[in-house]
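Note sheet for the following structure.
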Amino acid sequence: MNQRISLSRYLVEQQRVDGLIPAQLRLLLEVVARACKSISQSVNKGALGGVLGTAGSENVQGEVQKKLDIIANEVLIEANEWGGHLAAMASEEMDSIYLVPNRYPQGEYLLMFDPLDGSSNIDVNVSIGTIFSVLKKPEGHPGVTEEDFLQPGAQQVAAGYCVYGPQTTLVLTVGDGVAMFTLDREMGSFVLTQENVRIPEDTKEFAINMSNMRHWDAPVKRYVDECLAGVEGPRNKDFNMRWIASMVADVHRILTRGGIFMYPWDKREPNKPGKLRLMYEANPMAWLVEQAGGAATNGRERILNLQPTKLHERVSVVLGSRNEVDRVTRYHLEA
Ligand code: AHG
Ligand code: MN
Ligand code: MN
Ligand code: MN
């Protein structure tokens, strides 16, 4: 039986063998993984753990918060604030940045997260997850401000997600490809189950919320109509469709077997570029997808090049199999 490699050993090797990640970053990632394990335990309890349903509050996004949104957020804050790796954190569920309290050692990294992605799926027992992104704190000034977080996604030093589904799987990149780790519940450790993940350049599977079709811009409508036209249409092939409404689950499928995921601008909220958040959804997922050979744009530009202007900035997202993303981007640029 081939030797089982734990997340810790994988990270030590990325640190030692490839010199890719400093010890502080390795330790930070191990803390995030432990927090995800703890969130997975709560998710798995469901009704038995009293974690279902809404918390009766709203977040900065104007969304009604679920109990698990808040529980997952607290788990990540409490796990990460004392270790000395971080200077500050930012979360979908918190209006402003969270400074590591002075009583704890200050680190050089900034951690952003969507603590519970796919909240609308919590109560119906469909896969959900946690998305995280790590940046280095800019040098040259004491303390941390929101501006320190406003770095293009290309500056990330680590990104990943943990999907709480039939398996609990942590998916991670530190810039040397994408690796997947499955949680061994008996041992309580994440075990390497795939590395050098590759997304096929072509696909026959698209993911978009079709109920928004009447609100889409012309290039997205053109692309989806051509997919729906099937083998008799201009694409000369039949397409399949999936929409799980948990980005982590849709992206995990794409990393596993290819596909294209779109959450584009639509005219329901014309002043917003899209629903998904740049800093803790689009950027980490875009880096993972690119590290696996795929592409990620906002319809026109590479997501990782976008200069953020606000912490909770939204963005249109088109990501997945490179040749399909390129087609959608071409349709936008031709429009
Ligand atoms: P979150 O639960 O963190 O707010 O994110 C939900 C996002 C994303 O996970 C998913 O792809 C999308 O919302 C689904 O949106 P619709 O419900 O509009 O399809
Ligand atoms: Mn939300
Ligand atoms: Mn989300
Ligand atoms: Mn969320």
Side-chain angles (χ1 to χ4, degrees), residues 36 39 42-43 51-76 90-95 111-133 153 159-165 171 205-216 220 224 241-255 259-270 272-289 296 298 303 311-320:
C36 290
I39 295 168
S42 297
V43 167
V51 300
L52 303 184
T54 58
S57 49
E58 235 185 53
N59 62 16
V60 65
Q61 327 285 339
E63 300 165 335
V64 172
Q65 290 177 304
K66 299 279 186 156
K67 285 180 189 158
L68 259 181
D69 283 326
I70 295 173
I71 292 166
N73 192 62
E74 284 165 359
V75 167
L76 282 156
S91 163
E92 176 197 341
E93 303 304 335
M94 297 190 297
D95 296 14
L111 176 66
M112 294 160 288
F113 45 81
D114 173 358
L116 207 293
D117 174 65
S119 305
S120 65
N121 283 324
I122 293 170
D123 296 349
V124 293
N125 199 13
V126 168
S127 296
I128 48 183
T130 297
I131 309 171
F132 60 91
S133 169
Y161 63 82
C162 193
V163 53
Y164 312 118
V171 180
E205 196 160 64
F206 69 95
I208 193 166
N209 183 335
M210 292 293 286
S211 71
N212 299 327
M213 180 179 268
R214 65 190 182 284
H215 306 305
W216 297 335
V220 173
V224 174
M241 195 217 93
R242 286 283 183 276
W243 186 252
I244 303 175
S246 292
M247 189 184 195
V248 284
D250 282 312
V251 169
H252 193 72
R253 184 189 57 255
I254 287 168
L255 284 170
I260 180 169
F261 170 98
M262 292 168 281
Y263 210 117
W265 170 93
D266 71 50
K267 59 177 186 290
R268 287 175 298 168
E269 296 195 86
K272 286 182 184 166
K275 171 179 182 179
L276 300 179
R277 281 61 54 127
L278 175 61
M279 300 305 289
Y280 38 82
E281 288 176 316
N283 273 340
M285 292 311 204
W287 197 27
L288 284 164
V289 164
N298 64 356
I303 284 179
L311 194 60
H312 298 291
E313 180 165 334
R314 293 170 187 256
V315 67
S316 291
V317 177
V318 180
L319 61 76

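Just so you know, ligand 1 is whichever comes first in the structure, and atom 1 is the first atom listed for that ligand. Along the sequence shown, residues carry numbers from 1.
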I want to check something: taking the side chain as every heavy atom from C-beta on, are [X] and [Y] in contact at a cut-off of under 4.5 Å?
| X | Y | result |
| --- | --- | --- |
| Lys66 | Leu116 | no |
| Val317 | Glu281 | no |
| Phe261 | Trp243 | yes |

query: Where the side chain of Asp117 meets the backbone of Gly129, is there a donor-acceptor pair that is under 3.5 Å apart?
result: no

Heavy-atom donor-acceptor pair, Asp123 side chain to Gly53 backbone, under 3.5 Å: yes

message: Just to be sure I understand the site: which N, O or S atoms from the protein are less than 2.8 Å away from the Mn ion (ligand 3)?
response: Asp114 OD2, Asp117 OD1, Glu281 OE2

query: Got a sec: does the CZ of Arg214 have more than 12 other heavy atoms crowding it under 6.0 Å?
result: no

task: Please test Tyr161 against Cys36 for side-chain contact (heavy atoms from CB on, under 4.5 Å), starting from the C-alpha separation and ending with a verdict.
output: CA-CA 9 Å; Tyr161 63 82; Cys36 290; over 6 Å; no

- request: Could you please provide the protein residues found below 4.0 Å of ligand 1 on a heavy-atom basis, arranged by chain and number?
  value: Glu63, Glu92, Asp114, Leu116, Asp117, Gly118, Ser119, Asn209, Trp243, Ala245, Ser246, Met247, Phe261, Tyr263, Lys275, Leu276, Arg277, Glu281

message: Between Gln65 and Asn73, does the side-chain contact (heavy atoms from CB on, under 4.5 Å) criterion hold? Intermediate values first, please.
response: CA-CA 11 Å; Gln65 290 177 304; Asn73 192 62; over 6 Å; no

message: Evaluate Asp69 against Ser119 for side-chain hydrogen bond (donor to acceptor under 3.5 Å, both in side chains), listing each step before the verdict.
response: CA-CA 7 Å; Asp69 283 326; Ser119 305; 2.6 Å; yes

Of the N, O or S atoms in Glu63, the one nearest the Mn ion (ligand 2): OE1

message: Taking side-chain contact (heavy atoms from CB on, under 4.5 Å) as the criterion, tell me which of Arg268, Glu269, Lys267 meets it with Trp265.
response: Lys267

